[in-house]
Amino acid sequence: MVVHSAAERVLAGLDPEQRSAVTAPAGPVCILAGAGTGKTRAVTSRIAHRALSGDISARHVLAVTFTARAAAEMRARLSALGVGGVQARTFHAAALRQVRYFAPRLLEGRAMPELLDSKVRVVTLAAAKVGLRADRAAARDLAGEIEWAKSSLVEPGEYVVAAAKALRETPYEPAKVADVFAAYERLKRGNGVIDFEDMLRAAVWGIEEHADVAEQVRGQYRHLVVDEYQDVNPLQQRLLDAWLGGRDDLTVVGDASQTIYSFTGATSSYLVDFPRRYRGATVVRLVRDYRSTPQVVGLANAVISQARGAEARLRLELHGQRPPGPEPDLRIFTDEPAEANAVGARCRALIDGGTPAREIAVLFRTNAQSEAYEKALTEAAVPYVVQGAERFFERPEVRQAMIALRAATRSIPGETPLPVAVVEGLAAVGWAPDAPPAGGAARERWEALAALVQLAEEYAATPEVVPIGEAVAIERPVTLGDFNEELARRAAQQHVPTVEGVTLASLHSAKGLEWDAVFLVGLAEGTLPTTYAKTPEQVEEERRLLYVGITRAREWLWLSYAAARSPGGRARRPSRFLPQLDRSGGGERAGGGAARRTERRRAQVVSCRICGATLLAGADRKLGRCPTCPSDLDEELYERLREWRQRVAGAQKVPPYVVFTDATLTALAERKPGRAEELIAIAGIGPRKLGLYGDTVLALVAGAGVDEVCPQKSFEI
């Protein structure tokens with residue numbers, strides 16, 4: 001009775017769709033979860049409900065995801081629900097632990113090969129072996145191609161054909177890339193090292209080729225859960241199939257509209273085909289968005305509603321659950337420096353207004369765009385952190401810290417708690433957990449190393465569960481050696497710990513994160529979509545990138561692009577994925593030439609009279625300013641205009657907005673036109689309304705009272 005009441009408590013507060021996902025029967029379950037719909041809550045509640053109701057044993061559950069952050073969140077939520085013993089790991093971490101555990105049996109007593117923390121050095125040597133001089137950038141591109149091939153189960157001899165079929169944009173002629181790939185594999189074997197794809201393959205091989213290993217692994221892990229299933233690649237799916245061994249107690253969670261990693265080998269086909277592969281599978285759709293305001297959700301829906309292709313078949317229309325918030329801010333700037341400076345100034349204003357810097361993000365399509373925003377934020381005195389392994393793990397103090405931590409494994413006792421061991425190891429590079437320096441570069445160095453300590457505390461929170469037999473497992477505390485392997489994995493996968501400051505990130509690296517305020521910048525044709533997106537499938541992935549960026553924002557969203565890359569440069573068009581310019585200026589069509597003149601006036605670019613940004617939204621164009629720019633409203637004039645509008649509407653027996661909208665009244669009270677030409681320049685006042693009300697409105701602006709321009713008695717019936 002106690003157990004079942006605990007299981008029932010897990011259901012408290014779930015919405016109907018989440019409850020359906022949690023209580024779905026054992027067997028194949030596919031949860032299609034839109035951005036912000038509570039997928040982590042749903043999947044952890046499903047595990048907890050099954051465990052607390054006695055349907056499964058928690059220690060027989062393996063939940064895999066793609067980031068250590070997501071795995072840590074799963075473990076924390078399960079612990080809060082009163083369920084311990086579940087193994088929530090990344091694919092790589094789960095495979096590494098299994099390979100390490102079975103290594104003595106599989107390798108017949110030989111030591112487990114060292115795991116490469118980066119392919120770049122070996123790839124550089126491999127390129128030289130085949131006559132290529134690859135700088136660091138080229139070596140990274142080659143490493144990316146090798147990772148794609150290995151994740152796609154492509155061997156060196158198969159690369160040329162496979163790359164052609166996949167329409168890969170290769171850094172060198174495909175045959176040369178294949179030569180580098182083959183040389184890379186030879187160098188690895190010669191040096192007795194393996195990479196992360198080798199480690200996944202080793203886990204597959206151990207299960208597929210060794211019946212005793214398969215029996216032990218499958219006896220331990222009887223219930224599989226996969227998060228972000230749209231991001232699975234063929235190698236990871238092969239490992240998942242090996243773990244399952246033909247069983248079907250599998251829960252997958254994903255969103256086809258967030259498929260943005262196809263360049264790495266990830267494919268949403270496994271998610272799309274799940275109901276066909278598992279006949280009778282339960283499919284649940286989560287569509288209530290608890291993250292973003294209805295305004296942000298509405299824009300996200302508008303962008304993804306135009307999607308085409310296989311992923312679009314599983315498209316979800318989200319329904320915002322939060323209270324209304326500000327409309328997304330759409331802006332155009334003359335050039336990229338102006339755009340970056342405006343972003344820097346707005347970030348400064350948000351922080352001064354109370355928004356924490358860590359709750360602000362500037363997101364762009366390519367890492368090359370980061371530099372302009374780093375400069376602009378520096379000039380605005382805004383702290384920032386660049387999301388991406390090159391910037392964090394290549395910082396000198398972080399490299400030195402990782403070396404010191406590896407060296408510390410020889411001097412710090414293995415039973416030392418991990419956070420204590422990391423603090424002691426960092427003492428070798430002069431870091432101490434006391435008050436940080438006051439500011440500047442010294443503060444940045446201290447915070448970078450403090451982030452490693454915080455990461456160690458999170459990593460140590462869940463011990464490793466090691467299978468012993470059919471019904472027995474033991475917990476082993478994680479060690480400093482384990483943590484060093486985790487850091488190597490993070491460096492290879494560009495998974496950076498949290499550091500205080502405005503986040504600068506590519507749209508790809510922003511996946512899975514969220515902020516109160518998000519700037520989506522550089523939304524021009526040629527950048528998003530990139531010029532490299534040539535096929536319909538590639539263009540659709542670019543659309544999904546924008547969708548992912550929009551859905552990172554909880555409340556405040558800015559979208560912008562520069563009309564030229566540099567001052568006086570060639571003009572560019574806005575991204576085809578953005579909503580069209582709002583041309584419902586409110587003017588009346590008078591017929592003939594007047595109608596054409598009105599249409600030309602509506603099509604004109606309207607700039608903010610305060611900051612100069614181009615205004616896209618209809619209400620902003622009426623006001624003549626951005627909604628976030630300061631208002632110079634004459635409140636007394638505004639009240640006189642409202643009273644006058646009320647009298648006119650009453651006399652005409654029409655709603656007040658038919659006379660003038662609130663936005664038009666606000667524009668009049670802010671801009672205070674003195675001539676007919678200035679009056680008609682305000683969106684919402686066309687030739688007809690100018691003729692009906694122009695003289696009266698100008699008189700009110702000049703100071704006339706409402707009774708002077710329309711005495712009350714004149715409206716009596």
Side-chain angles (χ1 to χ4, degrees), residues 44 63 65 67-80 83-90 92-94 96-97 100-101 115 117 358 385 387 389 391-437 442-466 473-501 513:
T44 52
T65 186
T67 68
R69 181 183 293 107
E73 183 179 358
M74 272 194 179
R75 294 193 295 267
R77 293 201 184 204
L78 287 166
S79 177
V83 177
V86 172
Q87 289 300 289
R89 305 287 181 193
T90 64
H92 290 91
L96 176 59
R97 290 169 187 273
R100 187 171 56 206
Y101 176 76
L115 187 63
D117 60 0
R358 66 179 177 277
V385 57
Q387 182 89 4
R391 293 304 181 100
F392 182 83
F393 285 105
E394 292 185 8
R395 294 180 67 137
E397 65 272 18
V398 175
R399 290 201 304 269
Q400 293 166 8
M402 292 174 68
I403 293 170
L405 292 176
R406 287 196 291 269
T409 58
R410 297 190 292 270
S411 58
I412 296 177
E415 63 273 12
T416 304
L418 178 59
V420 176
V422 170
V423 171
E424 292 180 3
L426 293 179
V429 294
W431 188 88
D434 49 14
R443 174 63 178 258
E444 289 184 12
R445 288 193 295 270
W446 188 93
E447 288 182 342
L449 301 187
L452 293 179
V453 177
Q454 180 181 357
L455 182 61
E457 292 171 350
E458 295 172 358
Y459 189 66
T462 303
E464 177 185 359
V465 175
V466 180
I474 61 171
E475 291 188 349
R476 181 180 72 82
V478 293
T479 66
L480 184 57
D482 298 334
F483 184 62
N484 286 330
E485 290 175 351
E486 170 71 1
L487 289 180
R489 185 196 63 76
R490 281 172 167 261
Q493 295 186 352
Q494 300 191 6
H495 181 196
V496 178
T498 302
V499 180
E500 179 64 32
L513 304 176

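Quick note: residue numbers are just sequence positions, from 1.
The existence of a salt bridge linking R77 and E73 is confirmed by a sub-4.0 Å separation between a basic side-chain nitrogen and an acidic carboxylate oxygen.
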Run the side chain to side chain contact (heavy atoms under 4.5 Å, CB included) check on V429 and E397 step by step: do they pass?
-> CA-CA 8 Å; V429 294; E397 65 272 18; over 6 Å; no
Step-by-step side chain to side chain contact (heavy atoms under 4.5 Å, CB included) determination, R89 to L96 | CA-CA 10 Å; R89 305 287 181 193; L96 176 59; over 6 Å; no
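When all heavy atoms are compared, the tightest approach of G501 to V385 is O-CG1, 4.2 Å. Nearest heavy atom pair, residue T409 against residue G481, reads CG2-N, 4.0 Å. Taking each heavy atom of D482 and T479 in turn, the nearest pair found is OD2-N, 2.9 Å. Of all heavy-atom pairs between T67 and T90, the closest is C-CG2, 3.3 Å. Residue A88 comes nearest to M74 through the heavy atom pair CB-CB, 4.0 Å, listed as atom of the first residue, atom of the second, then distance. The two atoms that bring V422 and A456 nearest to each other are CG2-CB, 3.6 Å, heavy atoms only.
Annotation: the span from H92 atom NE2 to E485 atom CD amounts to 13.5 Å, rounded to 0.5 Å. If you take CG on L455 and CG on L418, they are separated by 9.0 Å, rounding to the nearest 0.5 Å. Taken from CZ in R406 to CG in D117, the straight-line distance is 6.0 Å, to the nearest 0.5 Å.
With a 4.5 Å cut-off on side-chain heavy atoms, E424 and L480 do not count as touching. Between L487 and L452 there is a side-chain heavy-atom pair separated by less than 4.5 Å. Residues W431 and V453 are in side-chain contact: their nearest non-hydrogen atoms beyond the backbone lie under 4.5 Å apart.
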